[in-house]
Every structure is written in structure tokens, then in C-alpha cells.
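The structure appears below as C-alpha cells.
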Amino acid sequence: MSAEIIISVKDLQKTFNNGEVQALNGVSVDIRKSEVLVVIGPSGSGKSTFLRCLNLLERPTGGSVVFEGTDITAPRVNINLCRRRMGMVFQHFNLFPHMTVLRNLTLGPIELLNKSPAEANEKAMQLLERVGLSDRSDAYPFQLSGGQKQRIAIVRALCMEPDVMLFDEPTSALDPEMVGEVLDVMKELANTGMTMVVVTHEMGFAREVADRVLFMDEGVIVEQGTPGEIFDHPKSERLRSFLSKVL
Amino acid sequence: MAEAFSKFKESFTFNFIEGSRWKYITNGLLVTLKVTFFAVLIGLMIGVVVAMIRSSFDQTKDEMQPGLGKTLMTALNAIAQVYLTVIRGTPVVVQLLIGYFVIFVSSTNTVLVAIMVFGINSGAYITEIIRGGIMSIDRGQFEAGRSIGFNYVQTMRHIIIPQAIKNVLPSLANEFIALMKETAVCGYIGLMDLTKGGDVIRGRTFSAFMPLLAVALIYLILVIFFSWLISKLERRLRSNER
């Protein structure tokens, strides 16, 4: 674990409703290149807020996030440029319903990376092939199953050729029989060396794929370690009681 | 029966054929369509811009950091609010008269004045329609756009506005149809539109029935035609949805 640090989070704070709700209360973590970091914890523990602070979908109220050497929480940083290098996958897919699959995938590369349509299409088709959906490129999102939508959403993020991928409970909105196909894509992605931060309730995925697991509760990191340490030798009482409920 | 028909024919000839008076109707119709079309175009442009100002201010006012951007947005939002209040709070006839006799007083192009006034007027209503459309789009769409790296305006342009417009197309169509009928008051500034054309014939022939009913019938046919056109367009746009 000596690879370079790609995201460095220091003392991250986030309050909602003018300080009434403390979602994050001092989270510090370094994310290394090619690392798969899985964040687990009960609902309301702040894990989604933590993830959304990494690309500033939520603006932290304190602390800093340094991404590839840039403190993105500083004023006047062009966050849009940073976000191009951070792919994000949402619980509810958020595909653009008024565009075909292919257009969903190529909009960003064409508009933001100045790729030619032919170039963007070729890249998109390659990636679609990899997730087994090359025959659905002309479909509209409503014609796809949940699992297909989420695989497309992953490809959409990958088309921007990001350095890190953020997953916000990517399988929580799926029918159980579709969870596997999405997790398979994510596993394959992890094998290619992609840096990934995954918020999930899929403990099997965490155990199998994660390099490191963070357990969060009440806005802080309660415990972190390898999957073996977290799942087989939990130290804190809170983690033990959480695991006893979800495993 | 035959007598009634020949009377009708006589009246028709007298009102429309003699002295080529039908030209008042056709020329007026062209003016009505021209004013409506360009006014809606202007209204749509104003509506999209003002709706973006209003909704972006509402969405981000709590999170914006103090500075030039925030001051600018607050000022723009205030201007937008005043615009909406004044335009929606005064009759369009009064706006038309003010536009013609006060604001564009040096302009001799009455059609252009009418287009500007009705465009600015409908812009206020279209703003509220589009703002409703923007607010109806799931927040996740906005976040997805931003997470790819689009800035606020790009996200609006590629992702939010197209969906919003589609959602509010029926309301926009109603606005277009309502505006077409509203332009009937532009005779107030001496513009020879369809209504004024019919009225001029009435003044020439001293028979009210035929010219005014013809005018009403033409409006009705236009409304029915555009409603049909829009429902067709709507069905095509819905094809990528359940």
C-alpha cells in the first residue's frame, strides 16, 4: 500500500439545516490509486454524504478534499474540470430519459472532451460490448431493465475516462436478480485497476472485492481495515452489532 | 331555401368580392400569424432565460458563497421578479398602448411594436410555465449532469430544459393559442390584423354579420388546426417514454 494518494480527505464536516443535523463530523481518509474502498454503515450514518462530498455534489461545511493535488473545496476551483475525472454512479441510475443509450454515453465526451462523434461512438460501443449491452445502443432508457440501466450508467461514467469512480449504493434500487450483473461489472472494473469508492449494503461484494473497508456511523469512521479485519475480527461493539444485523 | 342561399351569396359578394375587400381578411390574417409567431419566439427566449434565472436562484441561494456571482444572481433575480409582477399585473392592451405611444414612440413599424409587446408579455407567462417544467424534473438528472462535468448552464441546456419543455409542451401550446387570440387587440395601435380587417369591412359595407362571423370562423379554424398539430407533435415526443 505505497501507491500514490489520489484523494485525500481531511477532517470533513457537513451540517444540514443550518447546523441542526451533523451528517459528517470529522472524516479523514486517504484513497490510493487503484484502491477499492468500500464504505458500509447503517442508514443515516453519513456514508452517502461522504461520497457526495468527494465530487462536491454536497459542499462540505468544513475540512478539505484534495483530489490529484487540488483542494476542490477551495474557492474558485473549477469543480467541473475535476468532476470530468471522477465518474459517479447513482442509486437511481439517473440516465437521461430523452436520449438513446448511445447519446447518453457520448454526450459528455463530445461536449466536454471535444471528441468527434465517430470517436465517441467507437469508445462507447467498445465499453457497451464489455458490459454485454452493445445491442441496446439505440434503445431509450425506459426500454431497459434496472440492471441494464445501471450497467449503462457505469459505462456513461467510464466514457469520460475518469481516474476514480464513485458508487452511491449502485444496487440498492435493483430487483434482487439484477444485483449480480451490476456487481460483476464492478468487479471487472476493479480488476482493471480502477480506483473505486463504493457505498453499498452488499457485504459479499465488500468482502470479495474491497482492498479496504470503512465502517461509518453517526458521521465518523468508527473502524477501518481489510475485509478480513472488518468482517472476521470486528473490534468495536457498534460494528459487531451492525454486522450481526446485516450478515 | 334557394332564396336564402342567393341572399347569402349576394351578401358574401358584397362584403368580400366587391372592391377586393377579401384582402382585408387575408392580409389581416397574415399580420395576426406573423405577430403571434414572432411574439411566441421572443416569449420563448425570454421565458427560458428568466426561468433559468429564477430557478437557479431558488436552488442555489442557500449554498452560494458571497461574492460577485451571488450579487449578480440576486440582482438578476430581483429584475426578473419585477418583470414578472409588472407584466402579469397589467392588462395587455395597456402594455400595447404604452409600448406604442411611450416606449417605441419613434418606431413607425407597428408590426414590430406589436411583436415586441406581445413577446415581452407572453415571456412572463412562458417563464412561469417553464419554471414549473424545470422544477418537475427529478433532481437526480441535474446531479447526473453535474457529476459528468457539465456546468450549470450546460446541464440546463442539454439535460434539464429539453425534458422540461417536453413536459410543458401542452401548456406552451395553450399559451400560443391564447396569444393568437389576444393579438386581436392590436387594432388599438392601428395595426391591420385579422380582427381589424373584419371591422374595416363592417365599416365599409355597414353589414356586421358576414365580416365578423368570417373573422370568428377563421380564428376557430386556426385554433383547431394548431391544437391538432400540437397533439401530433406531442405524440411524437412521447415516443421515448412509457
Side-chain angles (χ1 to χ4, degrees), chain A residues 16-18 51-52 54-61 73-76 78-101 103-113 138-143 153 156-162 165-166 168 173, chain B residues 48 52 56-73 130 133-170 172 233-242:
Chain A
F16 290 106
N17 298 341
N18 287 322
L51 190 78
R52 291 161 57 84
L54 295 182
N55 68 352
L56 250 55
L57 281 185
E58 304 286 354
R59 187 162 273 283
T61 42
T73 56
R76 295 189 217 303
N78 188 341
I79 185 61
N80 300 313
L81 291 178
C82 298
R83 281 182 181 144
R84 292 180 196 176
R85 288 177 280 136
M86 306 170 118
M88 184 149 190
V89 176
F90 298 87
Q91 181 177 356
H92 296 287
F93 331 125
N94 297 347
L95 294 179
F96 307 133
H98 58 305
M99 300 175 186
T100 63
V101 165
R103 186 80 183 124
N104 263 278
L105 303 182
T106 56
L107 183 70
I110 290 173
E111 297 292 332
L112 297 176
L113 305 180
D138 292 326
Y140 281 92
F142 79 90
Q143 296 165 313
R156 180 174 68 181
L158 289 175
C159 279
M160 292 296 287
E161 298 171 358
M165 288 281 286
L166 312 175
D168 190 4
Chain B
V48 168
M52 272 174 70
S56 69
F57 180 79
D58 286 350
Q59 273 175 12
T60 56
K61 64 180 169 196
D62 299 327
E63 296 175 19
M64 250 189 296
Q65 296 155 326
L68 183 68
K70 181 160 190 170
T71 315
L72 196 69
M73 274 310 292
I130 291 182
I134 290 173
M135 287 192 303
S136 74
I137 304 298
D138 181 51
R139 194 160 168 74
Q141 289 291 310
F142 188 76
E143 291 183 346
R146 294 307 301 271
S147 77
I148 290 174
F150 287 110
N151 64 29
Y152 182 88
V153 174
Q154 289 168 325
T155 307
M156 280 288 167
R157 179 176 148 220
H158 293 295
I159 294 151
I160 307 296
I161 298 283
Q163 296 185 59
I165 297 261
K166 199 170 78 177
N167 286 356
V168 299
L169 201 69
L172 283 179
L233 180 68
E234 227 180 298
R235 243 171 299 154
R236 266 199 58 190
L237 284 170
R238 293 263 171 252
S239 68
N240 60 353
E241 272 170 29
R242 230 183 289 259

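All values below were derived from every heavy atom in this structure, side-chain atoms included, with hydrogens, water molecules and symmetry-related copies excluded.
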**Prompt:** Where does A:Met160 contact chain B at under 4.5 Å (heavy atoms): side chain, backbone, both or neither?
**Reply:** side chain
**Item:** Neighbour count >12 (heavy atoms, 6.0 Å) for atom CZ, A:Arg85
**Value:** yes
**Message:** Less than 4.5 Å apart, side chain to side chain, heavy atoms only: is that true for B:Gln154 and A:Glu111?
**Reply:** no
**Prompt:** Would a 4.5 Å heavy-atom cut-off, applied to side chains only, mark B:Asp138 and A:His92 as touching?
**Reply:** no
**Message:** Return the NE2 to CD1 distance between B:His158 and A:Ile110, rounded to the nearest 0.5 Å.
**Reply:** 10.0 Å
**Item:** Which portion of A:Arg156 sits near chain B, non-hydrogen atoms under 4.5 angstrom
**Value:** side chain
**Asked** Going by heavy atoms in the side chains, are B:Ile159 and A:Leu107 under 4.5 Å from each other?
**Response** yes
**Prompt:** Hey, what do you get for CG (A:Asn104) to CD1 (B:Ile148), rounding to the nearest 0.5 Å?
**Reply:** 7.5 Å
**Complete:** dist A:Leu57:CG -> B:Phe142:CZ (nearest 0.5 Å) comes out at 9.5 Å
**Prompt:** What is the minimum heavy-atom distance between B:Gly149 and A:Asn80, and which atoms define it?
**Reply:** O-CB, 3.4 Å
**Request:** Measure distances from A:Leu95 to the heavy atoms of chain B and classify the residue's part below 4.5 Å as side chain, backbone, both or neither.
**Result:** backbone
**Asked** Got B:Pro162 and A:Phe96 here, is their nearest side-chain heavy-atom distance under 4.5 Å?
**Response** no
**Item:** Pairwise distance NE2(A:His98) to CD(B:Gln141) - rounded to 0.5 angstrom
**Value:** 7.5 Å
**Prompt:** Is there a side-chain contact between B:Glu143 and A:Arg52 (heavy atoms, below 4.5 Å)?
**Reply:** yes
